[in-house]
Amino acid sequence: MVIIASIFIFCIAAIFRLLDNSAGILISSGISVSPFYLSEAEIKEQMLGIKNRKMLKKLKRAIVFQKLHKFFLILAILTFIAGVVYEFINPTLVPLL
């Protein structure tokens with residue numbers, strides 16, 4: 001059951017990755033970016049040259065989505081490892097097969 005929870009948490013992490021649209025926000029304003037997954041440092045660097053408040057708000061939201069993505073990805077990995085260890089201690093998936 002814990003392994004299934006880790007898959008669910010991974011899906012949540014993937015959703016936050018899809019919500020991070022920082023490259024699209026910059027491209028729509030005429031700023032050319034080569035990688036589509038921008039790091040937090042690159043986004044903050046681009047934010048220094050932007051005066052539009054609406055765009056700054058969108059980029060700040062993209063940074064929050066990136067942080068949530070990393071958090072849930074780490075949580076999914078830890079939950080998966082805990083689930084595998086738990087299956088060795090108390091096997092519940094083996095009788096289901």
Side-chain angles (χ1 to χ4, degrees):
M1 192 66 172
V2 179
I3 295 175
I4 295 171
S6 70
I7 294 170
F8 179 71
I9 294 171
F10 179 77
C11 290
I12 293 172
I15 289 170
F16 280 118
R17 172 61 187 104
L18 291 172
L19 287 174
D20 169 30
N21 191 18
S22 54
I25 294 168
L26 291 173
I27 289 172
S28 69
S29 69
I31 300 172
S32 179
V33 292
S34 63
F36 288 107
Y37 187 73
L38 301 175
S39 67
E40 183 179 345
E42 284 185 66
I43 294 173
K44 286 184 179 180
E45 181 182 319
Q46 294 293 332
M47 287 173 66
L48 295 175
I50 296 174
K51 303 294 184 218
N52 187 355
R53 286 183 173 221
K54 193 173 189 180
M55 183 158 307
L56 286 174
K57 186 177 177 183
K58 288 181 181 179
L59 288 173
K60 286 179 184 178
R61 188 175 350 145
I63 290 173
V64 170
F65 287 150
Q66 280 186 355
K67 289 182 180 182
L68 286 171
H69 166 70
K70 289 177 185 176
F71 171 75
F72 279 105
L73 193 61
I74 291 169
L75 187 63
I77 292 169
L78 293 176
T79 308
F80 181 76
I81 292 170
V84 169
V85 170
Y86 182 73
E87 282 300 316
F88 280 115
I89 294 171
N90 185 13
T92 56
L93 290 179
V94 175
L96 294 177
L97 299 174

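Atom set for the values below is all heavy atoms of this structure, side chains included, hydrogens, waters and symmetry mates excluded. Because the structure is predicted, anything quoted here is derived from the model rather than measured.
Note: the hydrophobic cluster containing I7 does not contain L75 (ILVMFWY, side chain heavy atoms under 4.5 Å, direct or indirect links). F80 and F8 are assigned to two separate hydrophobic clusters, defined by single-linkage of ILVMFWY side chains at heavy-atom distances under 4.5 Å. I4 and I81 fall into different hydrophobic clusters, where Ile, Leu, Val, Met, Phe, Trp and Tyr side chains are chained together by heavy-atom contacts under 4.5 Å.
Across I50 and L59, no two heavy atoms sit closer than the pair CD1-CD1, 3.6 Å.
Using a 4.5 Å cut-off on side-chain heavy atoms (C-beta onward), I43 and Q66 make contact. I63 has its side chain within reach of M47: a pair of non-hydrogen atoms, C-beta onward, lies under 4.5 Å apart.
Residue L78 is found in a hydrophobic cluster whose other members, listed by chain and number, are I74; membership requires side-chain heavy atoms under 4.5 Å apart, directly or through intermediates. In this structure, L18 shares a hydrophobic cluster with no other residue, the cluster being traced through Ile, Leu, Val, Met, Phe, Trp and Tyr side chains under 4.5 angstrom apart.
For the side-chain hydrogen bond (donor to acceptor under 3.5 Å, both in side chains) condition, the pairs that include at least one residue of residues 72-86, sequence neighbours left out, are Y86-N90. Annotation: salt bridge (Lys or Arg N to Asp or Glu O under 4.0 Å) contacts involving residues 47-60, sequence neighbours excluded, are absent.
Scored by the side chain to side chain contact (heavy atoms under 4.5 Å, CB included) test, F16 finds I12, L19, F65, L68, H69, F72 as partners (sequence neighbours excluded). In this structure, the side-chain hydrogen bond (donor to acceptor under 3.5 Å, both in side chains) partners of K44, at least two apart in sequence or on a different chain, are E40.
The structure places CD1 of I9 at 8.5 Å from CZ of F71, a figure rounded to the nearest 0.5 Å.
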